[in-house]
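Just so it is clear: chains get the letters A, B, ... in the order the sequence lines come, proteins before strands, and each one is counted from 1.
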Amino acid sequence: MPELPEVEVTRRSMTGVLEGRTVRALRVYERRLRWPVPRALAATLAGRRLQRIDRRGKYLLWRFEHGVLISHLGMTGSWRLYPYGAAPERGPHDHVDLDFDTALARLTDPRRFGALLWHRAADGDVERHPLLASLGVEPLDPGFDGARLYLATRGRSAAIKQVLLAGDAVVGVGNIYASESLFDAGIDPRVPARRLGPTRCARLAAAIRRVLAEAIEAGGSTLRDYASADGAPGQYALQARVYGRDGSDCPVCGRPIRRIVQGQRATYWCAFCQRR
DNA sequence: AGCTGGTCCTGATGGC
DNA sequence: TGCCATCAGGACCAGC
């Protein structure tokens, strides 16, 4: 479940191995991802040296001198890293091999909601790319705090859960961590965002930072088919306090965890603990 | 059959 | 009325 922690764990597990390495070849087996993988991408990348891998929201930014490879994992995508020559035979959902001189990065994505795009350096700062331009603040950056969240939620009548998911107030909070953060902050997920005052915004911002940081620390989530790039499953699901636990006891008050649907997405919460 | 992680796009709605 | 921002729903898929 690639939410921000999973993407960050992926980034960290690849960056040390691949930064400074040269692309031997890019092989595209299935270009029908969310948008078609550009036909010229193989020629664009062959022989080029990867400078570094950054992250913006849930996007990975593979920086080269002449441009940036933008990748997104969608709902089911993952990058796996193999030592050179050690990759197993390609499976049915392995769509791209990014072959470096020392290792192979392989993109797997059963549902194909992910993306692999190219941004030319000549077209300017990648942060101004249409996919990145309207993203909210990075939750783990120092610039994200209660005051920032308070400003970003003014005039927003939608439920706070849905404003978190929208990604224009703060990036990287997906369905799982939205429930977990709101539980941590003791805030009802149904509250219109504009009704949160500075106090609750401060609690929520702190909760988001804490939950995401803990998840990164734990190596990402292990729900469904996620695994970090070295294949080790994440542990976060073992620590989820409300997500996926409807009917079981609230870890704080012991009352049952509820499941509701907001915007066609499941929300898990404790009606007793989340009314502050 | 119905549910599942993300998010772009479209068309509708609502405030000024 | 018109403009703009926001909102809600649909779309993309495969696997369980």
Side-chain angles (χ1 to χ4, degrees), chain A residues 1-10 29-37 55-60 70-79 91-96 107-117 129-136 139 151-182 189-196 211-212 215-216 218-228 233-240 242-247 259-268:
Chain A
M1 290 25 31
E3 296 190 26
L4 184 148
E6 291 73 24
V7 177
E8 178 62 17
V9 168
T10 297
Y29 306 106
E30 172 58 82
R31 65 177 67 252
R32 294 174 304 162
L33 303 184
R34 174 157 198 168
W35 299 282
V37 178
R55 179 187 57 73
R56 178 75 176 99
K58 298 169 189 170
Y59 293 90
L60 286 179
I70 301 172
S71 74
H72 195 288
L73 296 175
M75 298 232 276
T76 54
S78 62
W79 283 101
H93 303 301
D94 296 337
H95 306 313
V96 174
L107 179 65
T108 303
D109 187 1
R111 285 176 72 176
R112 291 193 277 117
F113 286 178
L116 196 61
L117 299 169
H129 187 282
L131 290 174
L132 306 179
S134 64
L135 293 181
L151 273 179
T153 50
R154 295 311 86 192
R156 306 293 295 268
S157 60
I160 183 59
K161 158 82 181 317
Q162 291 173 270
V163 169
L164 291 181
L165 289 185
D168 50 357
V170 55
V171 291
V173 183
N175 204 42
I176 297 172
Y177 299 114
S179 282
E180 293 298 314
S181 300
L182 287 162
R190 303 166 302 175
V191 172
R194 66 181 173 196
R195 293 191 42 205
L196 297 180
V211 165
L212 294 179
I216 292 169
S221 169
T222 194
L223 290 182
R224 305 234 201 283
D225 48 11
Y226 174 78
S228 58
Q235 299 298 316
Y236 191 77
L238 302 177
Q239 301 167 19
V242 290
Y243 185 84
R245 306 180 75 93
D246 53 316
R259 178 186 188 274
I260 59 175
V261 175
Q262 298 179 279
Q264 306 169 94
R265 313 297 294 279
T267 300
Y268 299 88

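The side chain of A/Arg156 places an N or O atom within less than 4.0 Å of a non-bridging phosphate oxygen (OP1 or OP2) of C/dC7. Taking 4.0 angstrom as the limit, A/Arg194 places none of its side-chain polar atoms (N or O) nearer than this to OP1 or OP2 of B/dG14. For the OP1/OP2 pair of C/dC7 and a distance below 4.0 Å, the side-chain nitrogens and oxygens of A/Ser157 include at least one atom meeting the criterion. Put simply, A/Arg111 has no side-chain N or O that comes within less than 4.0 Å of OP1 or OP2 on B/dT4. Of the side-chain N and O atoms in A/His72, none sit less than 4.0 angstrom from OP1 or OP2 of B/dC8. Taking side-chain N and O atoms only, A/Arg34 has no distance below 4.0 Å to OP1 or OP2 of C/dA11. Residue A/Tyr177 places none of its side-chain N or O atoms closer than 4.0 Å to OP1 or OP2 of B/dG5.
For A/Arg194 (side chain) and A/Thr153 (main-chain N/O), no donor-acceptor pair under 3.5 Å exists by modelled atom type. A/Glu3 places no side-chain N or O within donor-acceptor distance of the main-chain N or O of A/Pro5, the cut-off being under 3.5 Å.
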Test A/Val170 against A/Leu164 for side chain to side chain contact (heavy atoms under 4.5 Å, CB included), laying out the working first. CA-CA 7 Å; A/Val170 55; A/Leu164 291 181; 4.0 Å; yes
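Stem list for DNA chain C (at least 3 consecutive Watson-Crick or G-U pairs, distances under 3.5 Å): B:2-4 with C:14-16, B:6-16 with C:2-12.
Comparing A/Gly263 and A/Asp168 by the nucleotide of DNA chain C that holds the closest heavy atom to each, the one mapping nearer the 5' end is A/Asp168.
Here, B/dG2 and C/dG10 have their P atoms 15 Å apart, quoted to the whole Å.
Stacking annotation: A/Phe113 is stacked on the base of C/dC12 (ring centroids less than 5.5 angstrom apart, interplanar angle below 30 degrees).
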